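A quick write-up on the structure given underneath.
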Amino acid sequence: AKESLLLYQNRMDLQTRKVIYVVSGVAKGATELSAFHRALRSHQVQRYNFLFYTSVIPEGYRIAKESPPFVPEYFGAEARIVGIINSTNKHGKTVAAGLGWVQDPTGKGYLVEHKGKTAVEVRGLITKSLLDMLKDEKELVKPFTFDSQTVEIRCKSVPVSAYVAA
């Protein structure tokens, strides 16, 4: 019961910070899946079970491009994320993944995720999506702030994977 209480308290501490952490990574491996697992290790997020969510940022949240606090008790815990994975085993092929977001002054906003052949292509898709989403937006107020994070990796001899998650 004490361990369960500690885990619950740690989760609540993370939730009350009102921070959405954006992490990304690239890696190679014997398979596309093992490459993805290695990419997750760069921010110690391989210990979570990801549940993919849609892309709404609640009011009062800020985005941080950094690793979430390390909490060893979280091994196997569920993590609700907006994320994108792009992997390949084709020699010479480049894969890219990216996450972009828009927020209003209250912190409300949206996240979008895209994958493509290059980081430049992905950034273009992110911008296009966010601008299109804002055309008839009634929930957010101006001025808007935009940001993104993208990664890319080229397959030279073994499978590779790129991911970005928030």
Side-chain angles (χ1 to χ4, degrees), residues 6-27 35-87 95-153 161-166:
L6 179 61
L7 181 58
Y8 176 75
Q9 287 172 334
N10 285 336
R11 278 191 189 145
M12 293 308 293
D13 287 347
L14 286 177
Q15 290 172 350
T16 58
R17 289 186 185 143
K18 292 200 172 199
V19 177
I20 296 173
Y21 296 94
V22 176
V23 295
S24 61
V26 296
F36 172 58
H37 180 78
R38 284 196 173 132
L40 293 174
R41 284 183 174 273
S42 63
H43 291 281
Q44 298 183 348
V45 293
Q46 81 283 358
R47 67 181 33 89
Y48 296 98
N49 288 308
F50 290 157
L51 302 172
F52 286 84
Y53 272 64
T54 58
S55 56
V56 176
I57 303 170
E59 184 174 336
Y61 277 74
R62 72 177 180 84
I63 305 289
K65 291 181 180 181
E66 60 190 58
S67 297
F70 176 69
V71 183
E73 298 88 22
Y74 277 20
F75 193 91
E78 294 175 346
R80 297 176 296 244
I81 68 162
V82 174
I84 191 76
I85 304 159
N86 199 358
S87 303
V95 294
L99 194 68
W101 55 94
V102 61
Q103 288 182 281
D104 74 7
T106 71
K108 289 189 300 189
Y110 298 105
L111 293 149
V112 296
E113 64 277 2
H114 281 284
K115 61 183 178 179
K117 295 176 184 173
T118 67
V120 170
E121 175 192 9
V122 169
R123 281 191 292 276
L125 292 168
I126 288 169
T127 301
K128 186 175 183 178
S129 291
L130 289 172
L131 290 175
D132 190 50
M133 291 167 66
L134 290 172
K135 281 182 183 174
D136 48 1
E137 177 57 49
K138 306 277 191 263
E139 296 293 322
L140 304 183
V141 295
K142 293 180 181 178
F144 304 125
T145 58
F146 296 85
D147 205 350
S148 66
Q149 185 156 326
T150 59
V151 292
E152 75 176 31
I153 187 169
S161 186
Y163 86 94
V164 183

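Small disclaimer: the values here were computed from a predicted structure and weren't measured.
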Rounded distance [0.5 Å steps], CD in Q46 versus CZ in F36: 10.5 Å
Interatomic spacing from OH in Y53 to CG in L111 - rounded to 0.5 Å: 14.5 Å
Interatomic spacing from CZ in F144 to CG in L134 - rounded to 0.5 Å: 5.0 Å
Exercise: identify the closest heavy-atom pair between I57 and G107: CG2-O, 3.3 Å
Pairwise side-chain contact, P105 with V141, heavy-atom cut-off 4.5 Å (strictly under): yes
Residue pair V164 / S24: nearest heavy atoms and the distance that separates them: CG2-CB, 3.7 Å
Shortest non-hydrogen contact from S161 toward S87: OG-OG, 2.8 Å
Any pair counted as side chain to side chain donor-acceptor pair (under 3.5 Å), so long as it reaches residues 113-127, sequence neighbours left out: H114-S129, R123-T150
CD1-CD distance between I63 and Q149, expressed to the nearest 0.5 angstrom: 11.0 Å
Where A166 and L99 come nearest, the two heavy atoms and their spacing: CB-CD2, 3.4 Å
Residue list, side-chain hydrogen bond (donor to acceptor under 3.5 Å, both in side chains) with E137, at least two apart or on another chain: Y110
Side-chain donor or acceptor of Q103 paired with backbone N/O of Y61 under 3.5 Å: yes
Any donor-acceptor pair under 3.5 Å from E59 side chain to T106 backbone: no
Close side-chain approach of V22 to W101, heavy-atom, < 4.5 Å: yes
Interatomic distance, H37 atom NE2 to Y163 atom OH [nearest 0.5 angstrom]: 11.0 Å
Pairs involving residues 138-148, ordered by first then second residue, that meet side chain to side chain donor-acceptor pair (under 3.5 Å) (sequence neighbours left out): K65-D147
Main-chain N/O of E78 paired to N49 side chain as donor or acceptor, under 3.5 Å: no
Contact summary for D132 and D136, nearest pair of heavy atoms: O-OD1, 4.4 Å
Shortest non-hydrogen contact between G100 and I126, atoms and distance: CA-CG2, 3.5 Å
